[in-house]
Amino acid sequence: VTVTDDRSQGAEQQQPAPRPMPTQQKAYAFTKAQFIQDWTDLILTGLSDELSRRNFGSSARAQLYRWGKEAFADGLREGGVDGEMDDFDLKQVQDWLSDQSGYVTDFADTVYKQGLSAAQVSQRAEMWANKSLDEMYTAGLVSADKNGMYQWTLGNTEKHCPTCLQLSGQRHRLKEWYDRNLLPRSSKLDCGGWQCDCQLRRSAGGAVGRFKRFDPSQARDDEGQWSE
């Protein structure tokens with residue numbers, strides 16, 4: 001999930017002009033790049049049989065804890081909290097790690113039983129960063145800035161799924177986006193979030209749009225739009 005800060009932009013602007021990446025976003029970009037590199041190295045070690053399947057799983061969980069904790073801290077700092085993680089924050093990281101454990105087991109099966117091509121190694125490493133590590137960054141940001149107003153902004157992909165198109169321009173408190181799991185790269189999106197490049201930008205102004213129209217579990221009309 002990519003979240004940016006547009007507090008200096010006017011509330012009426014729907015597409016803010018590009019700005020240099022804030023320092024804390026650069027910090028998370030570095031954390032994410034380091035995770036992808038370490039995860040790639042781990043996969044290659046497993047594929048070359050230099051590491052047992054059991055040790056692969058242990059190493060993967062250790063990396064997730066290390067970088068997940070760092071991503072959470074990056075989110076806290078981006079939200080304005082520059083200090084130690086409290087007990088609640090640490091519990092969130094531990095709960096997230098527990099949720100990831102089953103995925104690690106399945107992934108180890110893929111590495112040791114099916115194998116991966118060079119291209120797939122790179123794709124899987126980025127996928128883990130986008131679908132898992134981003135979750136921790138966003139959780140940290142929510143912990144620090146849950147009441148901040150954030151607006152959905154479309155990314156640079158050539159095509160956008162119906163969910164992203166309809167959420168574009170909506171503005172709500174970050175905790176409301178988070179509680180509904182309506183976030184860039186979320187599995188709740190029509191696109192599944194795998195290639196999503198959308199962002200939530202912090203912006204001035206009141207709420208815009210209604211969430212109840214954008215719940216994928218609700219029925220849709222003949223044009224594929226969620227019902228009122």
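Computed from a prediction, not measured in an experiment: that's the story for all the values here.
- Considering only heavy atoms from C-beta on, Cys198 stays 4.5 Å or farther from Thr153 through its side chain.
- Considering only residues two or more places apart in sequence or on other chains, Ser101 meets the side chain to side chain donor-acceptor pair (under 3.5 Å) condition with Arg61.
- For residues 40-53, the set of pairs meeting the side chain to side chain donor-acceptor pair (under 3.5 Å) definition, not counting sequence neighbours, comprises Gln37-Asp41, Ser48-Glu50, Ser52-Asn55, Arg53-Asp109.
- For the side chain to side chain donor-acceptor pair (under 3.5 Å) test, no residue two or more places apart in sequence or in another chain qualifies with Asp99.
- By the ring pair (Phe, Tyr, Trp, His ring centres under 6.0 Å) test, Tyr178 is found to be paired with no residue, residues two or more places apart in sequence or in another chain being considered.
- Not a single ring pair (Phe, Tyr, Trp, His ring centres under 6.0 Å) links Tyr65 to another residue, sequence neighbours left out.
- Residues forming a side-chain contact (heavy atoms from CB on, under 4.5 Å) with Asn147 (at least two apart in sequence, or on another chain): Arg173, Lys175.
- Residues that satisfy the salt bridge (Lys or Arg N to Asp or Glu O under 4.0 Å) test with Asp179, not counting sequence neighbours, are absent from this structure.
- The side-chain heavy atoms of Ile43 and Phe107, taken from C-beta on, include a pair separated by under 4.5 Å.
- Applying the salt bridge (charged side-chain N to carboxylate O under 4.0 Å, His left out) rule to pairs touching residues 116-131 yields nothing, sequence neighbours excluded.
- For Gln100, the side chain to side chain donor-acceptor pair (under 3.5 Å) partners two or more places apart in sequence, or in a different chain, are Ser132.
- Scored by the side-chain contact (heavy atoms from CB on, under 4.5 Å) test, Ala62 finds no partners at all (sequence neighbours excluded).
- The side-chain contact (heavy atoms from CB on, under 4.5 Å) check on Asp86 picks up Phe88, Asp89, with sequence neighbours excluded.
- Every residue two or more places apart in sequence or in another chain was checked for a side-chain contact (heavy atoms from CB on, under 4.5 Å) with Ala33, and none qualifies.
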